[in-house]
Amino acid sequence: MSFEEIYTAHYSKIFRLCMGYVNDADWAKDLVQETFINVWQKLDQFRNESAIGTWIFRIASNVCLRQLERHNRMPRSDMPVQLEDVKEPDMEHNIRLLYRFISELEETDRVIISLELEDVKQTEIASIVGFSDTNVRVRVHRIKEKLSQKFKDHEQSDRF
Amino acid sequence: MNSQIDFKSLYHSQETGPVPDVKEVVKKAAGLKRKMLFKLLSVNTLLACTVGLIVLILAHHPAQNMTTKIGSVLIIMAIVSYLGVSNRAMSLLFKVVPDLNNHAYLNLLISIQSKQRFLHKTMLRIYFMLLSIGIFLAMIENALKMGLMNCILIYSGVIIWIGFNWFVMMPKSVKKQEKEFDLILSNLHRINAQIQSA
């Protein structure tokens, strides 16, 4: 599989993961680019020990998790610049809320729930994060409860 | 409404817009690599030239006093040790492949950052110490030839410069870096604790 094929096949998934992490379309695009720059640089070192998708998710989630660390080293102006100015699509209310609520979770919870919602198997999520399968199952359940509660709270605050 | 929320379908409804041109990613990746290499080469070349210059001067105008020779060696040692440590720190950071699992990756970052913090603090002191003593010693021979008044004048300047670096510049630089390292490390530890607490 060439880099171009990998990029096209995984761009949207990685964008959603990054978007869930930062809830900022421009920042998420920067993170996606940073992820694929890493993929491009390390593709020859990829040793089929895991599926390419899992490998890219691992890189993307690490890129997300080290955001604060990176921001201190690399000013945003130094980050890859998007030549094509893609306008942020207009999101519906609930989608916006979901991404906002995800970005309000603890850092690792953001990664876990995004991968779960992306239909990544829980065994793979465990191998990406460094958990046991059972931990992932329990954590996913708790995160979903937290998200439901956030929706409920929001709905109630809207009524009053 | 709450019980019927289909998170999965909402999550996938997020539009991602058209996929940006892959050529731009490749171009940027190659550019970053070149930029990093250039930065590394320019610092190394500059300091290697300084060492070369000192050696050249010593070769053409052999020093009479032992102090000059020892001073020059200390200055060269300061530059070489700085180069060695900064090159190592840079390679540590950029050789990290972010394809480990999150837990292992965060642990690796924590260990690299702790190492860099120690190297920075210790090496900065060693660098300033070697450089200051080196300059102090290397200048004795020439200063003595200039007469007592000039000698006092020159050494007053050198001592003020060394004192300013040692008591003002270095603590300031160490404090700033420590603050950055502390912030980075506390965040990395905090995120890692989220995984460990599971």
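Every chain is numbered from 1, with letters handed out A, B, ... down the list of sequences. Because the structure is predicted, anything quoted here is derived from the model rather than measured.
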Between the side chains of A:Arg58 and B:Tyr105, is a donor N or O closer than 3.5 angstrom to an acceptor N or O? no
Chain B interface, residue from A:Lys144, A:Glu106, A:Arg142 that has the most non-hydrogen pairs under 4.5 Å: A:Glu106
Per-residue contact mode, A:Glu4 against chain B (heavy atom under 4.5 angstrom): both
With B:Ile79 as reference, evaluate B:Leu74, B:Leu130, B:Leu47 under the side-chain contact (heavy atoms from CB on, under 4.5 Å) test and give the passing residue. B:Leu47
Spell out, as yes or no, whether a donor-acceptor pair under 3.5 Å connects the side chain of A:Asn23 to the backbone of A:Met19. no
For the interface with chain B, which of A:Asp119, A:Thr108, A:Val32 has the highest count of heavy-atom pairs at distances below 4.5 Å? A:Thr108
In terms of heavy-atom pairs under 4.5 Å with chain B, the winner among A:Ala126, A:Ser114, A:Ser61 is A:Ser114
Please classify the contact of A:Leu98 with chain B as side chain, backbone, both or neither, using a heavy-atom distance under 4.5 Å. side chain
Counting only heavy atoms closer than 4.5 Å, note whether A:Glu118 contacts chain B via side chain, backbone, both or neither. both
For chain B, which of A:Val136, A:Ile113, A:Val138, A:Leu117 has the most heavy-atom pairs under 4.5 Å? A:Leu117
Pair up each side-chain donor or acceptor in residues 150-166 of chain B with any protein partner under 3.5 Å, not counting sequence neighbours, and list the distances.
from     : atom 1 : to       : atom 2 : distance (Å)
B:Asn150 : ND2    : B:Met146 : O      : 3.1
B:Tyr155 : OH     : B:Phe136 : O      : 2.5
B:Tyr155 : OH     : B:Ile140 : N      : 2.9
B:Ser156 : OG     : B:Ile152 : O      : 2.5
B:Asn165 : ND2    : B:Trp161 : O      : 3.4

At a 4.5 Å cut-off on heavy atoms, which part of A:Phe36 comes close to chain B: side chain, backbone, both, or neither? both
A:Lys42 and B:Asp99: CA distance, side-chain angles, deciding distance, salt bridge (Lys or Arg N to Asp or Glu O under 4.0 Å) verdict: CA-CA 9 Å; A:Lys42 311 291 177 195; B:Asp99 63 355; over 6 Å; no
Ring-face cation of B:Arg117 near B:Phe181 (centre distance under 6.0 Å, axis angle within 45°): no
Structural part of A:Leu97 lying under 4.5 Å from a heavy atom of chain B: neither
Chain B contact via A:Thr134 - side chain, backbone, both or neither, heavy atoms under 4.5 Å: neither
Identify the two heavy atoms, one from B:Ile110 and one from B:Leu185, that lie closest to each other, and give their separation to 0.1 Å. O-CD2, 3.7 Å
Please flag which part of A:Ser127 lies under 4.5 Å from any non-hydrogen atom of chain B: side chain, backbone, both or neither. backbone
Checking side-chain contact (heavy atoms from CB on, under 4.5 Å) against A:Ile128, which of A:Thr123, A:Leu115, A:Ile112 comes through? A:Leu115
